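Worksheet for the structure shown next.
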2 protein chains.
Amino acid sequence: MAVTLADVAARAGVSAATVSRVLSGNYPVAGATRSRVLRAVEELEYVVNGPASALAAATSDLVGVLVNDIADPFFGIMASAVQSEMEPEKAGGKLAVVCNTGGSPERELTYLTLLQRQRAAAVVLTGSAVEDPGHTAALAARLRRLASAGTRVVLCGRPPLPEADGGAAAPDGEDACGPLTVAFDNRGGARRLTEHLLALGHRRIGYVAGPAERTTTRHRLEGHRSALADRGPELLAAAEHLTVHGAYDRSSGYDGALELLRRRPDLTAVLAANDTVALGVCAALRDRGLRIPEDVSVAGFDDLPFSADAAPALTTVRIPLHEAGARAGRLALGRESAPPGGVATVRTELMARASTAPPHA
Amino acid sequence: MAVTLADVAARAGVSAATVSRVLSGNYPVAGATRSRVLRAVEELEYVVNGPASALAAATSDLVGVLVNDIADPFFGIMASAVQSEMEPEKAGGKLAVVCNTGGSPERELTYLTLLQRQRAAAVVLTGSAVEDPGHTAALAARLRRLASAGTRVVLCGRPPLPEADGGAAAPDGEDACGPLTVAFDNRGGARRLTEHLLALGHRRIGYVAGPAERTTTRHRLEGHRSALADRGPELLAAAEHLTVHGAYDRSSGYDGALELLRRRPDLTAVLAANDTVALGVCAALRDRGLRIPEDVSVAGFDDLPFSADAAPALTTVRIPLHEAGARAGRLALGRESAPPGGVATVRTELMARASTAPPHA
DNA sequence: CTGTTAGCGCTTTCAT
DNA sequence: ATGAAAGCGCTAACAG
């Protein structure tokens with residue numbers, strides 16, 4: 001039915017092997033032959049049969065990128081950065097495909113199985129991990145199997161897998177190093193952000209956190225609290241009551257801010273889990289008749305494109321998402337050597353803008 | 001190296017054929033045998049070799065989703081809706097993978113080739129098409145080849161392919177119907193939006209349009225102008241001077257609004273290519289000291305999640321992106337019958353909110 | 001530099 | 001209901 005390698009070979013008057021060599025370009029072929037083959041390919045509109053070549057070569061050119069929420073630019077930026085390294089037009093180029101887990105651990109596992117089934121060349125897992133022991137174990141097992149099947153595994157924006165402690169399987173000669181990781185300094189960023197607020201004079205700071213069970217949520221919260229703790233134990237003590245949890249979306253920010261205001265109407269600042277949440281916080285404050293930053297300061301996290309020109313411009317913590325994604329992509333392709341220890345931590349940077357100011361009272 | 005079907009067969013004491021039948025579930029197998037096989041699969045942690053099965057069966061379970069900008073929720077919402085119909089956990093389930101073209105026609109073609117190489121079960125093209133004759137022809141050819149190779153092709157959020165007129169190839173018995181299409185009523189939406197502004201009393205309405213060569217841009221602009229034309233030729237005549245083009249992003253909105261203000265400082269309303277652009281327009285207006293909607297009304301298009309609780313809430317045109325994406329997904333799977341004529345047009349709905357009001361003067 | 005020859009792991013008639 | 005056997009289209013030694 002479809003045109004095959006053999007058809008091209010026949011047309012060009014060469015053997016199938018020669019056509020294969022021309023197409024993969026990793027073997028010397030005479031110039032004249034090569035162009036004859038290329039012409040036949042053109043004329044026949046031949047397109048390689050991916051599955052057949054993957055089967056024969058025992059590798060495929062698929063690279064999977066798992067994201068928690070494909071509708072969130074946080075992930076979109078990373079995913080597009082990963083793809084930007086793939087060069088799909090080139091001969092050895094890979095096809096980066098993004099898979100949307102929706103934040104569901106089961107779906108994450110499902111996609112990993114599917115990618116293993118496709119014998120993907122690499123997989124990049126982006127975004128925070130769920131901290132459930134059962135899931136962590138299942139995930140680690142899956143990733144180990146992927147790795148041992150020759151698929152490169154890279155973590156981007158999530159912490160390295162916890163050490164496989166316990167007397168499970170002894171390291172059997174294999175190099176037992178976990179997947180390569182591009183981690184974000186969420187803790188340090190959150191810490192500097194809170195210090196910024198503290199330096200401005202704020203003492204009653206609300207925190208609208210992300211989902212409780214995710215690593216990113218925990219790290220940002222820890223950074224926040226460590227800054228508080230340094231300032232005085234009473235601030236830390238009050239923090240629990242000034243923290244609410246929600247999803248990483250706008251409505252959690254809205255609801256969270258309202259809840260915080262109910263608990264402490266004299267709040268002078270609100271920190272949000274991320275920029276999207278921060279926008280929800282702003283909306284709630286505004287609806288309550290509070291001005292930003294005159295009455296309440298607000299800050300986000302991530303520095304997504306819309307943050308800089310929100311009204312007022314949002315103070316936030318910049319994560320170089322594009323750079324991180326691109327690096328993860330290069331690691332996935334093996335085009336960049338592994339960082340020492342397998343973990344690269346990317347810096348985060350405080351972006352102090354108009355949404356934070358000294359408290360009024 | 002990896003566990004194969006044969007290993008499972010050996011372990012279960014059956015033939016490879018039986019294991020295959022159990023796994024694909026489309027053939028009667030005795031209950032006892034079946035569970036024995038399943039147990040062997042479990043014990044061996046067997047994962048099907050996708051390429052091998054795709055080669056043998058001449059089909060794969062990949063479904064490609066092409067998007068213009070993966071960092072834009074407009075596409076993210078559609079892509080996630082398409083994926084939501086795939087049931088990757090089920091036996092016959094597909095693996096939906098999204099490919100980011102970045103709006104580049106070449107890349108669109110590249111991805112289509114790659115997907116054809118993978119023998120994808122279906123491909124869904126989302127978002128506006130570039131209206132370049134050369135590219136349109138190349139695209140149509142590619143899609144035709146895909147379709148003839150058994151890949152289902154669905155268009156979502158873009159108009160049906162132009163009729164292949166001219167004396168090219170005669171319809172040779174094949175049913176010459178183009179790809180299935182889920183189109184948006186951009187024209188009608190834009191028309192109603194402009195009528196809303198006109199009804200409010202606005203007469204000097206700026207328009208920050210999208211990239212000139214895209215179908216979506218053209219359709220929205222046409223809708224806008226047809227409403228203007230109905231109100232009076234002088235309004236239509238002024239429209240040209242009140243239109244600027246830019247990308248579908250926030251900064252084009254910002255720059256576009258500034259440019260419009262330069263041309264007509266007495267503008268009373270600005271229509272934006274989409275909600276993201278509208279936010280940029282708002283920012284520019286605010287920076288110029290203009291209040292929304294007291295001094296200038298602003299409206300967007302798409303009704304993305306953030307629009308409802310922007311400040312002020314954005315008047316816009318709602319497109320049921322999720323429903324559209326889901327429908328495209330079902331069409332791609334053949335789980336829903338084709339609409340009459342192969343084209344389903346989804347309604348758009350005016351969402352009049354706080355960012356539009358009668359002009360002051 | 002190019003052709004020959006085996007498979008890669010699975011699905012699918014065709015028997016039984 | 002199950003097994004045997006013939007490919008699917010390509011790659012990769014191995015010759016020449």
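What you see is a predicted model; the values in this text were computed from it and never measured. Lettering of chains follows the sequences in order, A, B, ..., and the numbering in each one begins at 1.
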In whole angstroms, how far is the C1' atom of C:dA6 from the CG atom of A:Leu5?
16 Å
Between CZ of A:Arg21 and C1' of D:dG9 the distance, given in whole Å, is 16 Å
Kindly say if B:Thr33 contacts the phosphate of D:dA1, meaning a side-chain N or O under 4.0 Å from OP1 or OP2.
no
To the nearest Å, give me how far apart CG (B:Asn49) and P (D:dC8) are.
18 Å
Quick one: does B:Tyr111's side chain get under 4.5 Å of A:Gln83's, heavy atoms only?
yes
Please give, in whole Å, the distance from C:dC1 C1' to A:Arg34 CZ?
12 Å
For the residue pair A:Leu333 and A:Arg330, establish whether any side-chain heavy-atom pair is separated by less than 4.5 Å.
no
How many Å lie between CG on A:Leu55 and P on C:dA6, as a whole number?
18 Å
Closest of D:dG3, D:dT2, D:dT11 to the B:Ser15 side chain is D:dG3
Pick the nucleotide of DNA chain C nearest each of A:Pro28 and B:Asn26; which residue has the one closer to the 5' end?
A:Pro28
Salt bridge flag under 4.0 Å for residues A:Arg158 and A:Glu108:
yes
When you measure from the side chain of B:Ala56, which nucleotide among D:dC14, C:dT11, D:dT2 comes out closest?
C:dT11
Per A:Thr18 side chain, nearest of listed nucleotides C:dT12, D:dG9, C:dT2
C:dT2
What's the closest nucleotide to the B:Ala57 side chain, out of C:dT2, C:dT12, C:dG9?
C:dT12
Would you indicate which nucleotide in C:dT2, C:dT11, D:dT11 comes nearest to any side-chain atom of A:Ala16?
D:dT11
Can any side-chain N or O of A:Asn100 pair as donor or acceptor with the backbone N or O of B:Ser80 at less than 3.5 Å?
no
How close or far is atom C1' of D:dT11 from atom CG of A:Leu23, stated in whole angstroms?
12 Å
Can you tell me how far P of C:dT12 sits from OH of B:Tyr27, to the nearest Å?
11 Å
Closest to the A:Tyr46 side chain: C:dC10, D:dC10, D:dA13?
D:dC10
DNA chain D: 5'-proximal contact among A:Ala6 and B:Gly31 (nearest heavy atom)
B:Gly31
Once hydrogens and angles are ignored, does a donor-acceptor distance under 3.5 Å link the base of D:dG9 to the side chain of B:Arg119?
no
Closest to the B:Thr4 side chain: C:dT12, D:dA13, C:dG9?
C:dG9
Ignoring hydrogens and geometry, is there a side-chain-to-backbone donor-acceptor pair from B:Thr151 to B:Ala147 under 3.5 Å?
no
Between D:dA1 atom P and B:Arg36 atom CZ, what is the distance in whole Å?
15 Å
When all nucleic acid strands are considered with a 4.0 Å heavy-atom cut-off, which category describes B:Ala30: base, sugar-phosphate, or nothing?
sugar-phosphate
